[in-house]
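Working notes, beginning with the structure itself.
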Amino acid sequence: MTPELTDEELQRITRYRRPTKQMQVLRDLGIPARLRPDNTVLVLRMHLVNPVSLTQPERPRLKLL
């Protein structure tokens, strides 16, 4: 098993073949992805096995007196 997703796995997840569309779907799903210099998408398998939240918990807001 490779550390990155295959092209077939990316197509199955995103339902698209075009890298720009794949990147949009992955961004909407909150899956970290990179665009390689050869215009292919790179998603590391570890991000699907052990997902990391992209949003930080909201910090308490203090009121000025």
Side-chain angles (χ1 to χ4, degrees):
M1 187 173 288
T2 62
E4 69 274 352
L5 296 182
T6 64
D7 292 335
E8 293 80 23
E9 290 173 319
L10 281 170
Q11 289 176 16
R12 201 169 348 125
I13 290 171
T14 63
R15 305 279 186 208
Y16 289 104
R17 290 185 180 183
R18 292 180 50 207
T20 53
K21 290 298 230 176
Q22 288 176 342
M23 290 293 289
Q24 288 175 351
V25 172
L26 293 168
R27 188 178 318 113
D28 291 344
L29 292 173
I31 299 172
R34 298 277 178 145
L35 197 59
R36 294 180 179 136
D38 64 352
N39 203 33
T40 58
V41 177
L42 172 65
V43 175
L44 295 178
R45 194 172 300 280
M46 66 181 235
H47 290 300
L48 297 177
V49 175
N50 299 317
V52 176
S53 175
L54 295 178
T55 59
Q56 303 241 342
E58 192 169 324
R59 295 177 11 187
R61 296 175 191 222
L62 301 176
K63 291 183 181 179
L64 295 175
L65 297 175

Anything under 3.5 Å between a donor and an acceptor, one on a side chain of residues 17-24, the other on a protein residue two or more places apart or in another chain? List them.
residue	atom	partner	partner atom	Å
Gln22	NE2	Tyr16	O	2.9

Tell me every residue that passes side chain to side chain donor-acceptor pair (under 3.5 Å) with Glu9, counting only those two or more places apart in sequence or in another chain. Thr6, Arg45

Review item, side-chain donor-acceptor pairs of residues 29-39, under 3.5 Å, at least two apart:
residue	atom	partner	partner atom	Å
Arg36	NH1	Thr40	OG1	3.3
Asp38	OD1	Thr40	N	3.3
Asp38	OD1	Thr40	OG1	2.7

What is the distance from atom CD of Glu8 to atom CD1 of Ile13, rounded to the nearest 0.5 Å? 12.0 Å

Determine whether Val41 and Leu5 make a side-chain contact, defined as any pair of heavy atoms from C-beta on separated by less than 4.5 Å. no

